[in-house]
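Letters go in sequence order (proteins before strands), and every chain restarts at 1.
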There are 2 protein chains.
Amino acid sequence: MKDETRERVLRAAAEIGYVPNALAQQFARRKSGNIGVILPFVPKVHLFSTYYFSEILSGIGETAKRCGYDLLLIFREYGGGRDYAKLFRTQKIDACIVLGSENVPEERVALTELKSEGYPFCLVNQRYDEESYATVDSDHMAGSMAAVNHLIERGRRNIAFLNGPEQYSNSTDRLQGYTLALQAAGLPVTAEQIFIGNYSRKSGYEMAERIGKAIGDGVIDAVFAANDRMAIGLMQGLRERGYETGRDYSLVGYDDSDSSRIISPMLTTVAVPFYEMGRRAAARLLDVEYKAAGAEGELELLPVRLIARETT
Amino acid sequence: MKDETRERVLRAAAEIGYVPNALAQQFARRKSGNIGVILPFVPKVHLFSTYYFSEILSGIGETAKRCGYDLLLIFREYGGGRDYAKLFRTQKIDACIVLGSENVPEERVALTELKSEGYPFCLVNQRYDEESYATVDSDHMAGSMAAVNHLIERGRRNIAFLNGPEQYSNSTDRLQGYTLALQAAGLPVTAEQIFIGNYSRKSGYEMAERIGKAIGDGVIDAVFAANDRMAIGLMQGLRERGYETGRDYSLVGYDDSDSSRIISPMLTTVAVPFYEMGRRAAARLLDVEYKAAGAEGELELLPVRLIARETT
DNA sequence: GTGAAAGCGCTAACAG
DNA sequence: CTGTTAGCGCTTTCAC
């Protein structure tokens with residue numbers, strides 16, 4: 001339109017103190033301008049305390065802001081439903097990112113529904129091999145192989161694995177990486193070397209009883225833990241039993257969380273680009289340029305990096 | 001209305017798969033149903049990584065959900081404006097909670113505007129003595145006194161204080177508590193004993209040079225740090241210089257963060273009810289019952305608790 | 001207790 | 001390029 005007209009309108013608007021009403025805009029446009037972030041229910045732990053979510057969320061926030069979207073937080077609750085599609089039907093959100101998704105029946109139902117109804121969504125840090133959803137994940141298989149290979153290079157031969165629950169692709173990916181690395185090195189993979197926690201520090205701590213015994217018996221000389229929290233809990237538990245990293249066993253964690261740098265000895269771990277994962281998930285949903293750039297594949301796998309520190 | 005009518009309507013709605021449109025509801029009601037949470041810009045640190053915000057946010061989320069509100073995250077950006085009032089004018093939010101507020105001119109302007117226009121908002125963990133805003137804070141003066149008294153009881157006499165920037169009431173409150181406790185014990189308060197960091201681990205780490213020297217000179221035998229992150233950074237820095245807690249100095253942190261339990265030796269600290277603070281702030285804004293119960297005062301001060309651990 | 005209708009403040013489509 | 005107008009899907013008010 002004519003510059004002068006624009007001027008005139010703008011001036012008039014300023015004069016009467018006009019401010020557009022976002023509610024009316026959203027209504028008329030039939031777009032909420034919100035991107036929903038679905039957060040899992042984590043009992044006891046106040047969710048964000050986990051480094052993991054915090055970083056991803058920050059990444060999402062950065063991109064959402066850049067694209068003119070607001071971030072709507074959806075807290076799932078204990079035993080609460082997963083009617084993600086309803087959020088779209090009621091138009092509360094235009095797109096959504098699912099964090100902490102887990103491969104259980106009701107989650108699969110919810111995601112299938114989202115997909116079949118054509119709502120834009122993206123998973124972060126969880127893959128479903130049966131079904132192809134837009135996903136941003138990191139290469140945890142490679143990360144796990146790197147962790148185990150690192151232990152092998154350090155001369156360790158009896159490497160235990162402290163994994164998380166199998167409903168997370170994170171866990172199964174790591175198991176695969178662990179197994180592959182051992183096999184490649186010609187080392188046996190035995191069920192007795194594999195322990196399952198729940199990614200909490202407490203579960204790592206409690207595992208110290210069994211793992212400590214195995215170390216004492218000389219059947220384990222290193223542990224690869226599927227996240228830093230469990231690694232740290234384990235380290236503390238083992239210390240109480242008189243076992244020290246370095247002297248009695250080597251230890252590798254996963255996530256490169258703040259804690260891994262704080263504890264002593266500092267934890268060797270695998271750095272995951274959580275922030276970047278959040279950014280990409282949001283960009284895929286919101287950023288026209290990013291879409292145009294052809295992030296074709298349904299699954300993006302980001303590289304991870306081993307960070308060698310004192311526990312190895 | 002008649003039960004039968006209700007039934008009939010509900011049935012018809014189910015039949016045609018009717019779902020209310022939240023956008024239209026919000027528009028017609030002139031209520032967004034959103035509570036905004038304003039997050040400070042923290043350079044470098046991806047905000048949520050801080051235990052502090054994570055906990056508060058979880059508390060807000062719990063209450064918002066209970067009251068039927070959604071949580072809209074507002075990320076401030078570097079150098080970005082603080083036009084909080086605009087969020088209300090555009091009707092994006094019905095109420096808001098300001099996290100990480102800091103006493104600087106432009107923030108005061110923004111808050112004054114909110115108040116003068118009568119928008120409902122609440123500050124968390126930051127007080128303004130000049131102006132009375134709805135606020136939920138913890139009793140950091142008492143917490144600091146408890147920390148310092150604890151050191152005194154342990155026989156320490158030359159207690160340094162590693163504080164944060166003065167634009168946070170947190171910092172000034174702690175300074176006051178520190179000062180009061182020393183005075184009550186008849187100990188001198190000298191400027192040489194007071195150090196200022198910025199609440200980051202790095203700033204604590206860097207302070208180890210000066211504090212280490214003071215310990216070496218025998219003029220300091222204990223440090224009270226205004227948060228755990230700085231305490232931990234300091235501890236690491238001092239360790240590199242050959243000073244160990246217990247043997248060479250005592251140390252008290254603040255926040256009772258996860259990290260305080262993870263490091264070794266475990267950090268004596270002050271527990272702050274962050275989660276509860278978030279809950280209350282939200283309840284004050286949203287919960288009719290809570291309002292009715294008469295949370296009259298503009299300022300709520302929650303109690304904190306000293307947690308004695310190994311560093312003292 | 002029920003039905004009808006007038007907005008809410010914008011967007012988008014269309015005529016001038 | 002500009003001005004006009006018909007909705008968007010609900011809530012609320014008002015008759016009945």
Check: A:Arg29 and A:Asp94 side chains under 4.5 Å, non-hydrogen atoms | no
Could you list the residues that satisfy salt bridge (charged side-chain N to carboxylate O under 4.0 Å, His left out) with A:Glu166, not counting sequence neighbours?
-> none
Could you list the residues that satisfy side-chain hydrogen bond (donor to acceptor under 3.5 Å, both in side chains) with A:Asp139, not counting sequence neighbours?
-> none
Rounding to a whole Å, what distance do you find between A:Lys31:NZ and C:dG9:P?
-> 23 Å
With B:Asp255, which residues qualify under salt bridge (charged side-chain N to carboxylate O under 4.0 Å, His left out), at least two apart?
-> none
Side-chain donor-acceptor pairs under 3.5 Å in residues 13-23 of chain B, sequence neighbours left out?
unit_1	atom_1	unit_2	atom_2	d
B:Asn21	OD1	B:Leu23	N	2.7
B:Asn21	OD1	B:Ala24	N	3.0

Length of the CD-C1' vector between B:Glu7 and C:dG1, whole Å | 17 Å
Can you list every pair that meets ring-ring contact (aromatic ring centres under 6.0 Å, His included) and has a residue in residues 92-126 of chain A, with sequence neighbours left out?
-> A:Phe88-A:Tyr119, A:Phe121-A:Tyr133
Angle, rounded to 10°, between the helical axes spanning five pairs at each terminus of the helix from C:dG1-D:dC16 to C:dG16-D:dC1?
-> 40°
Partner set under salt bridge (charged side-chain N to carboxylate O under 4.0 Å, His left out) for A:Arg280, not counting sequence neighbours | A:Glu276, A:Glu300
Between protein and nucleic acid, restricted to nucleotides 8-13 of chain D and to nitrogen or oxygen atoms under 3.5 Å apart, what atom pairs and distances do you find?
unit_1	atom_1	unit_2	atom_2	d
D:dC10	OP1	B:Tyr18	OH	2.8
D:dC10	OP1	B:Asn21	N	2.9
D:dC10	OP2	B:Tyr18	OH	3.4
D:dC10	O5'	B:Tyr18	OH	3.3
D:dT11	OP1	B:Gln25	NE2	3.3
D:dT11	OP1	B:Arg29	NH2	2.9

Test side-chain hydrogen bond (donor to acceptor under 3.5 Å, both in side chains) applied to B:Glu131 - qualifying residues, sequence neighbours left out | none
